[in-house]
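Structure record follows, encoded as structure tokens.
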There are 2 protein chains.
Amino acid sequence: MASTDPIRRGRRPGDSGARDAILDAARTRFAGEGFRSATVRAIAGDAGVDPALVMHYFGTKQALFVAAMEFPLDPAQVVPRLLGPGIDGLGERLVRFLLTVIDDLGDANPMLGLVRSAVGHPDAARMMREFLGEAILDRLAQAIHEAIDTDRPRLRADLCASQVVGVLVARQILALPELAAADRETLVAAYGPTIQRYLTGSLDP
Amino acid sequence: MASTDPIRRGRRPGDSGARDAILDAARTRFAGEGFRSATVRAIAGDAGVDPALVMHYFGTKQALFVAAMEFPLDPAQVVPRLLGPGIDGLGERLVRFLLTVIDDLGDANPMLGLVRSAVGHPDAARMMREFLGEAILDRLAQAIHEAIDTDRPRLRADLCASQVVGVLVARQILALPELAAADRETLVAAYGPTIQRYLTGSLDP
DNA sequence: TGCGGAAATCAACGCTTGTTGAACTAGGAT
DNA sequence: ATCCTAGTTCAACAAGCGTTGATTTCCGCA
């Protein structure tokens, strides 16, 4: 058998993929605990790597966060695609899309990382507000304005966002039991009309 | 003039009210930063008091959190009062009540402290899930079941909670601009029907 | 074959954190 | 007057944090 199994320093042979392992671990930790609670040491541990290597690749924890939370979908493509078939039925499409993405991303969901961090850190909240606004909500407001003649289309977009964020927090973070257990189409039927009304329905008293 | 102004040890004369000052500071800090980011030292500083005094009164940071987040309203009284006039119009009443409470509590809002902490800390999430469930959502589900004959009344309650949490996060934490700027009755008109539909409307596809 | 630079670890730093134990002071009861 | 108790501060601890600098190992290229 091999004698002692010393941890060697220095470069390992082959393409180690350590960078990707770090990014993966960071996504999962940030998504599960938020920026503050997730530690560089824990991320390095998950990736099977020394903490200093994390700094070697990314410089600071902040920069690692930015790199790890880079959204895997480009809003500039997704938003138009969802809007493609027209604003009718957009509520349903949007909810179904959201739930599908949540399922696909699993534990390493940047949306959860961003929400968790924004909620505990005013700077992150400002970043998320600006990102959400410019990348998604302003576009959505523009589409609403073109589809129906209403004032304050951005308020309608914000209302949609409030329900989407609510789903994320109540279902994925608080894990309210029946909400977490409900299957996708049940939730599409429940939330779809809500979003659709925020988009195009009457909001008068 | 007085010579040096040494900070004296020992008891101050009179009823100092330090305990209440600590609780107040803790509420504000926990509401603004969550459990993890709020520090005992900062809370003590806000209260004009030594950190050790905080431990003297409350033992641990955890216990201070529990004491500070004690809800100023008793759900066992509030829920029946809101349900009093019947389930018709409950959506509007609930939203108006929520927004009023948010305004009244201001910076020291335990709801914000609980959400901020739950989102960054699985244990706090479990606590909040159980509290929400037993104190509010199960009661609400019971009322729904008595008012209309539906299966899964608790899912309806969870749906309501998801929109309420969404309002809290999107308006008070992310501060989406038009949502934060909207006045109370505008939001009552927007959210009231949503909640009412989750309570008593059709959720079928 | 030699060599520069990238990959990786190790050990330590300075800082902040929650928490502790000792010391001191004042008020109230006896 | 005297003691007990509660309020309050001070100084320090141990642990955990992000980060740094030195050092070692290997790959790729001339």
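Letters A, B, ... are given to chains in the order of the sequence lines, protein chains preceding strands, and every chain is numbered from 1.
Remark: the A:R41 side chain and the D:dG16 base include no donor-acceptor N/O pair separated by less than 3.5 Å.
Rounded to an integer number of Å, the gap from B:I22 CD1 to D:dA6 P is 17 Å. If you take NE2 of B:H56 and P of D:dT5, they are 13 Å apart, rounded to a whole angstrom. Taking atom CG on B:L64 and atom C1' on C:dT19, their separation rounds to 13 Å, with Å as the unit. Distance A:F65 CZ to D:dG18 C1': 16 Å, rounded to the nearest Å. Computed from coordinates, the B:D50 CG to C:dG18 C1' distance equals 13 Å when rounded to whole Å. Atom pair B:M55:CE and C:dT19:P shows a separation of 4 Å (rounding to whole Å applied). Between B:K61 atom NZ and C:dT20 atom P the separation is 14 Å, expressed in whole Å. The CD1 atom of B:I43 sits 14 Å away from the C1' atom of C:dT19 (whole-angstrom rounding).
For B:T60, the listed nucleotide lying nearest its side chain is C:dT19; candidates were C:dT19, C:dT20, C:dT9. The side chain of B:L53 approaches D:dT8 more closely than any other nucleotide in the set D:dT8, C:dT19, C:dT9.
A salt bridge does not link A:D107 with A:R27: none of the charged nitrogens is closer than 4.0 Å to a carboxylate oxygen. Contact check on A:E33 versus A:R116 returns no salt bridge, with no Lys/Arg side-chain nitrogen under 4.0 Å from an Asp/Glu carboxylate oxygen.
Donor-acceptor pairing under 3.5 Å is recorded for the side chains of B:Y191 and A:S162.
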Contacts table for residues 124-133 of chain B: side-chain donor-acceptor under 3.5 angstrom, sequence neighbours left out:
unit_1, atom_1, unit_2, atom_2, d
B:R129, NH1, A:L174, O, 2.6

For residues 34-45 of chain A, dump all side-chain donor-acceptor pairs below 3.5 Å to protein atoms at least two apart in sequence or in another chain.
unit_1, atom_1, unit_2, atom_2, d
A:R36, NH1, B:S37, OG, 3.3
A:S37, OG, B:R36, NH1, 3.2
A:T39, OG1, A:A42, N, 2.9

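Less than 4.0 Å separates DNA chain C from no heavy atom of any residue of residues 28-40 of chain A.
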Evaluate side chain to side chain contact (heavy atoms under 4.5 Å, CB included) for B:I102 paired with B:N109, printing each intermediate quantity in order. CA-CA 7 Å; B:I102 288 176; B:N109 187 340; 4.2 Å; yes

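Considering only side-chain N and O atoms, B:Y57 lies under 4.0 angstrom from the phosphate OP1 or OP2 of D:dT8.
Checked against B:L90 for a side-chain contact (heavy atoms from CB on, under 4.5 Å), the options B:T200, B:L140, B:I195 give a single hit: B:L140.
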